[in-house]
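Reviewing the structure listed below.
Given the structure is predicted, the values throughout are model-derived calculations rather than measurements. Letters go in sequence order (proteins before strands), and every chain restarts at 1.
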Amino acid sequence: MDENEAIRRLVKRDASGLTWLVKTYQTRALRTAFLITHDRGLAEDAVQATFIRMWEKSQTFDPSRPFAPWFMQTLVRTAIRLAERDARQGWSHQGRCAQLDDRDFTDMVADPTPGPDVRIEQAELEERVWQALQQLSIRQRAAVVMRYYLEMSEREMAQEMKVRPGTIKSSLNAAREKLRSFLASFRAEEER
Amino acid sequence: MITPSQIHAALDHIAEREMASSPDLLPAVQAQLGTLSRNRSSSRSRVIRVMVLVTLLLLALTAIAYGYSQGWLDRGLQHILDRGLHTDLNIEQHQPISTPAATENPGIEHRNRSATPEAPGFTAVTPTPRVVAAQTIKDVTVTLNWAYADANRLAVRFTITGVTLPEGIRGSYQTGLREVTVTDHHGARLLGSEATQFQPGREPGSWVVTKSFGQSSRPFQEKALDLAMTIGLGGFTTPAIPKGHVLTPGPIPGSLMAQIAPIGDFTFRFTIPVYPAVRLEPNQPVRTGPITMTLHSLSVAPSLTAAVLCYNLPDNGDWTPEAVLAGGSNEPVPDSGSGLYGASKQEMASQTSRCWSLDFLIPYPASDDPDVLRQFFHNPSHLTLRVDSLHTSLRYDLAAMKKGQAELKRQGIAIEWSCPGRCGTEGGYNIQVSKMPAGITVQEAQDRFTKFLQRRVEGPWTFEVDLP
């Protein structure tokens, strides 16, 4: 069975279609949800809920359209919702408001003064990104994950999240601003 | 300057690292379902949610998927029917019901009129069916026809008459069927994957439905099953697209969605014999390359053979086996479904090893040999299970796609792709074969291409098993 066949079966509410999709997408989905929620349990809940939602809504899905964006869009929204609900119960933190900044996230996690022969090791970069992500609010984190992990454009993000493009831009900028502040202190600490 | 692709890679590695021992979701779904089922409330939304969860569990728990919903009976069931291994549930009493509330027929002792044929290699059990009835709710009648069970499978046929639905409904919804649930004498729901096979009945507006359930969370080890089956009709929303209507891309508009009012739940009780499986535990290890694979067990029942395979993992990817089963002179049968086996146990789904349950329908529906099943019944001498490869799920990486395209071009196959919407590593592409040499089908060409989008470890790992 391939993806097209799986989706055709899903739309007909044939269980084997969903089985194939669960098997195929769950790893990627868990990782995406984890990057947003930073919580394994919440990530699992989000992915389960998304598969359930997918089954509920399968009859309204047009098999001629790509499946992955539909699935990932639902997953991101679900992960945000669960993480925010969790945060309201006192388990998370909320970032401060954004200041517009044209600088890109990639600038924020890079060493500010790398010479042409300086290469940042992948492990170090991962650590920086990981620490930086933890400084972001849930929605900012989701914006970063959509932009850099799921490789969506800002326009696509706005369409799929059903918000105005400006809102997405603000979220990304807020994320960048916060990361810039964080990395500045990170560097200062390193220098001491 | 760090590039977006480096950030992507960093995020990918972080997620992989942090979720390195990412669980299979099945046990968690199972736990969630159990809680919800016990706390089932009367609210409609709650009921729907539970139904959905149950449905998901049915898929996920054993992940045995043999969805032959489009055709009529698969050959395994057809042959079982031809040989009379099923239990007739003839109508003895007709019970009209005036309200749509769930009702239950109390059951009537009934002796089956058909003798159970002996199936060499299996010990048949004398059937002692109870209850045979038809029920009517809101002018819709459901009649039980027959049931069959072996250690790996349960199948029930019933007829629905009197359902009137809007034109253009597709799939099993056109029968009015929403859901079928089966519980055992302890009240525990049988959880296994489902297949629905249906065709129009003799009378206008009637449908003959055969519902098949895969092996449940536990195999059927009893000599007989005392079951309660509830057939839920109506109470769902589905597209109703009139003939000739051309859908435009995008979600189906609300004007084409039909809200089907609830008709009712029809509950029947009956008892049927279980044909046991020949169960073998060869624990046979075979090493090819870096992978050692072990055939843990084989369960050969009249309608379905289940194998449990365990192997060490190349890494923590979602490595899945591709396997075929051959017996006697039959063509090898690809597995009809598979799923993680015993994933709730650490030793079964750890980071370094994994076990899969594979199902093989007997006889293979695509086989032209009318006596495939008979051979398994009368000559159960030897089975060969061959695992051709392990592979990960598809990843639509552009570099890999271009590499595949170039390689296939050398084989005379032209592959094109387009992106109708947003495409990424998860898919979304339309892959087209625009040219291929004679003797190669489009499907074969596509299969060759998709192999470039997976990580693969080629086998084979071959297991030879003698049946008693």
What are the two closest heavy atoms between A:Leu35 and B:Ile14, and how far apart are they?
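Nearest heavy atoms, A:Leu35 then B:Ile14: CD2-CG2, 4.1 Å.
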By side-chain contact (heavy atoms from CB on, under 4.5 Å), which residues pair with B:Leu165, not counting sequence neighbours?
B:Val163, B:Ile169, B:Ile260
Part of A:Tyr149 lying under 4.5 Å from any heavy atom of chain B
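Both backbone and side chain.
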Rounded to the nearest 0.5 Å, what separation is found between the CZ atom of A:Arg31 and the CG atom of B:Asp12?
6.5 Å
